[in-house]
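Structure, as structure tokens:
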Number of protein chains: 2
Amino acid sequence: MTLAYIPDDFASRAHLASVGDALDRMGVRMAFAKDEEVYAQDDQADFIYRVVSGAIRTTVLMSDGRRQIGEFYYPGDIFGLEPGPDHRFSAEALCDGVVLVLKRSALRAAGADADLQAAIWAAMTRELERTQEHMLLLGRKTACEKVASFLTDLSHRRPGEQLDLPMSRQDMADYLGLTIETVSRMLSQLQSNSVLEFAGCRHVRIKNPAALARLAQ
Amino acid sequence: MTLAYIPDDFASRAHLASVGDALDRMGVRMAFAKDEEVYAQDDQADFIYRVVSGAIRTTVLMSDGRRQIGEFYYPGDIFGLEPGPDHRFSAEALCDGVVLVLKRSALRAAGADADLQAAIWAAMTRELERTQEHMLLLGRKTACEKVASFLTDLSHRRPGEQLDLPMSRQDMADYLGLTIETVSRMLSQLQSNSVLEFAGCRHVRIKNPAALARLAQ
DNA sequence: CGTCATCTTGATTACGCTCAAGCTCCGTGG
DNA sequence: CCACGGAGCTTGAGCGTAATCAAGATGACG
């Protein structure tokens with residue numbers, strides 16, 4: 001990890017935070033290389049983070065190496081919010097990117113910046129909603145529904161003509177509770193059904209969003 | 001649902017909340033019958049709840065009837081905490097029981113009751129930790145590991161010589177992302193391996209907690 | 001004591017996993 | 001610019017775990 005940018009009057013600005021995007025003004029920009037760790041499991045949860053560019057995954061490991069991905073985060077998303085004192089998941093960069101980092105104590109010291117507090121509260125809300133939706137997916141959906149749900153969700157979070165996938169098939173598999181082979185098969189099947197069209201394995205166009213949403217249940 | 005107990009000077013006491021258990025003094029006791037709904041999916045999340053007796057499950061349904069149970073709550077547990085404006089899951093009584101209910105606005109009006117705030121924060125922390133552990137279970141554990149994890153967890157939350165299960169096999173299955181048949185088979189297997197001993201299908205004794213914990217991974 | 005929901009057990013099926021080749025694509029260096 | 005190499009992806013064959021379908025057994029309650 002390398003410091004990409006530190007505001008020159010970081011400390012003195014803290015108390016001025018009141019309007020607009022406090023994170024932008026108070027935070028420190030840090031660049032992360034692909035697969036670099038932003039924070040580790042059991043680290044103290046002293047900071048909050050926002051993705052500037054690139055993408056982030058949060059993961060938990062079992063002793064035998066089985067892995068579960070908790071969530072993917074894209075530019076604009078806030079992550080690292082945990083009410084407890086330490087992180088239960090680790091966070092890593094999916095690809096090279098930049099993250100804005102803000103110490104929680106600085107946040108408290110700055111007092112009630114209404115906008116920032118609202119943004120954090122909104123992020124916690126989204127976080128919980130997504131986690132609960134993820135539990136339903138893991139517990140009760142079929143492989144096809146899982147993959148369709150994943151793509152539908154991603155397309156809503158990253159609108160655009162073409163969807164590009166910053167994560168590997170292994171990352172998708174560990175997010176969906178599947179194997180890479182099953183993920184690959186489902187994607188191939190969706191392509192042969194004319195729901196998707198791939199232009200290289202990391203670039204998809206959703207040809208039939210309605211059908212995809214239907215398959216996602 | 002029936003009102004079981006309303007403090008006679010409910011309103012006047014609110015501003016006195018400062019030490020001890022504010023929930024006890026400010027909350028309203030309500031009795032729920034087995035399978036009765038405490039709150040519904042998409043209800044406004046205006047209240048927080050604490051189990052006094054009995055047990056509660058939170059559930060989410062798919063359109064075709066598939067069900068996922070988010071969590072079980074036992075006496076002393078706080079539930080219904082959601083940062084968003086409405087509930088994503090519904091909550092129902094597993095068996096007849098009593099729940100203490102406190103309106104959030106009353107909570108805010110009462111100001112900073114340090115003990116209560118700390119209890120709520122601790123509950124949110126536990127909630128998130130449990131949810132993340134639950135995701136790992138749903139996504140990456142085998143049927144046997146799921147059942148063993150469930151019993152190990154339950155035994156820690158409800159210590160005692162004998163463990164009694166307030167939920168049906170269907171509830172366990174919907175919590176673990178399995179079918180009732182698989183749950184039943186795993187329990188039978190654990191009994192034949194002398195890890196468990198049943199005295200009726202709702203009462204278990206854990207004969208070998210170490211083995212159970214090992215199977216839970 | 002009888003009835004019915006709930007739970008257990010058995011037989012069979014199927015979905016997704018494992019193991020095993022190939023293939024693609026991308027970066028690298030000649 | 002193209003050949004090479006290798007990680008990551010796809011596809012195939014066979015298997016295994018858990019689901020489904022189908023009887024029975026248990027036990028709670030009137």
Side-chain angles (χ1 to χ4, degrees), chain A residues 33-35 57 62 64-68 94-96 137-151 162-193 196-204 215 217, chain B residues 33-35 57 62 64-68 94-96 137-151 164-193 196-204 215 217:
Chain A
K34 179 170 150 63
D35 293 324
R57 64 167 177 256
M62 287 173 67
D64 61 1
R66 280 177 283 179
R67 189 176 73 147
Q68 178 65 47
L94 280 171
C95 51
D96 295 355
L137 177 147
L138 290 171
R140 288 302 183 203
K141 289 191 179 180
T142 63
C144 180
E145 290 169 347
K146 286 176 174 181
V147 171
S149 299
F150 173 73
L151 291 174
Q162 177 143 302
L163 201 55
D164 33 60
L165 308 168
M167 71 291 287
S168 68
R169 295 292 187 265
Q170 186 65 61
D171 289 325
M172 287 190 222
D174 289 342
Y175 178 79
L176 299 173
L178 297 172
T179 60
I180 45 173
E181 293 95 331
T182 299
V183 170
S184 185
R185 272 183 250 277
M186 294 300 127
L187 290 173
S188 298
Q189 187 183 302
L190 289 170
Q191 179 160 234
S192 70
N193 295 347
L196 304 178
E197 185 169 58
F198 276 89
C201 64
R202 299 289 186 110
H203 300 279
V204 208
L215 288 169
Q217 270 281 353
Chain B
K34 178 171 151 63
D35 293 325
R57 66 168 175 255
M62 288 173 67
D64 60 1
R66 279 177 283 179
R67 190 176 73 149
Q68 178 65 48
L94 281 171
C95 52
D96 295 355
L137 177 148
L138 289 171
R140 289 301 184 206
K141 289 192 179 180
T142 64
C144 180
E145 289 168 349
K146 286 176 174 182
V147 171
S149 299
F150 172 73
L151 291 174
D164 34 60
L165 308 168
M167 71 291 287
S168 67
R169 295 292 187 266
Q170 186 65 62
D171 288 325
M172 287 190 222
D174 289 341
Y175 179 79
L176 300 173
L178 297 172
T179 59
I180 46 172
E181 292 95 330
T182 300
V183 170
S184 185
R185 271 184 251 276
M186 293 302 128
L187 290 172
S188 297
Q189 188 183 302
L190 289 170
Q191 178 162 233
S192 71
N193 294 349
L196 304 178
E197 184 168 58
F198 276 89
C201 63
R202 300 288 186 110
H203 300 279
V204 208
L215 288 169
Q217 269 281 353

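To find a chain, count down the sequence lines: A is the first, B the second, and so on, and within it residues start at 1.
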- For B/Ser188, which contact category applies under a 4.0 Å heavy-atom criterion: base, sugar-phosphate, or nothing? sugar-phosphate

- Item | Residue met sooner reading DNA chain C from 5', once A/Ala199 and B/Cys201 are mapped to nucleotides | B/Cys201

- Item | Side chain A/Ser149, main chain A/Glu145, donor-acceptor under 3.5 Å | yes

- Task: Take the protein atom CG of B/Asp164 and the nucleotide atom C1' of D/dG27, then report the distance between them rounded to whole Å.
- Result: 16 Å

- Query: Can you check whether A/Asp174's main-chain N or O pairs, donor with acceptor, with A/Gln68's side chain at less than 3.5 Å?
  - Reply: yes

- Is there a donor and acceptor pair, one atom on the side chain of B/Arg185 and one on the base of D/dT20, closer than 3.5 Å? yes

- Message: With nearest nucleotide decided by heavy atoms, which residue, A/Arg140 or A/Val183, maps closer to the 5′ end of DNA chain D?
- Response: A/Val183

- Query: Would you say D/dG8 has OP1 or OP2 under 4.0 Å from some side-chain N or O of A/Ser168?
  - Reply: no

- Task: Could you pick out which residue, A/Ala143 or A/His203, lies toward the 5' side of DNA chain C when each is mapped onto its nearest nucleotide?
- Result: A/Ala143

- For A/Arg169 and A/Cys201, indicate whether the former's side chain and the latter's backbone hold a donor-acceptor pair under 3.5 Å. yes

- Item | Given C/dT9, C/dC17, C/dC7, the nucleotide with the shortest approach to the side chain of A/Thr182 | C/dC17

- A/Asp171 CG to D/dA7 C1', straight-line distance once rounded to whole Å: 14 Å

- Task: Tell whether B/Glu181 reaches the base of D/dC21 with its side chain through a donor-acceptor pair below 3.5 angstrom.
- Result: yes

- Name the closest nucleotide to the B/Arg169 side chain, picking from D/dT11, C/dG16, C/dT8. C/dT8

- Message: If I take atom CZ in residue A/Phe198 and atom P in nucleotide D/dT10, what distance separates them, rounded to the nearest angstrom?
- Response: 6 Å

- Options C/dC17, D/dA18, C/dT9, nucleotide nearest the side-chain atoms of A/Leu178: C/dC17

- Does a side-chain N or O from A/Thr179 land closer than 4.0 Å to OP1 or OP2 of C/dC17, or not? yes

- Message: Looking at B/Asp164, is its backbone amide N or carbonyl O close enough to the side chain of B/Arg202 to form a donor-acceptor pair, meaning the two atoms are under 3.5 Å apart?
- Response: no

- Item | Rounded interatomic separation in angstrom, taking CG from B/Asp174 and P from C/dC7 | 12 Å

- Out of C/dC7, C/dC17, D/dT20, minimum distance to the side chain of B/Arg202 belongs to C/dC7

- What integer distance in Å separates A/Met167:CE from D/dC9:C1'? 16 Å

- Item | Separation of C/dG16 P from A/Gln189 CD (nearest whole Å) | 10 Å

- Item | Candidates A/Leu151, A/Leu187, A/Asp171 - the one meeting side-chain contact (heavy atoms from CB on, under 4.5 Å) with A/Leu165 | A/Leu151

- Message: Without decimals, in angstroms, what is the distance between A/Leu190 CG and D/dC9 P?
- Response: 17 Å

- Query: Can you tell me how far P of C/dA5 sits from CD1 of B/Ile180, to the nearest Å?
  - Reply: 14 Å

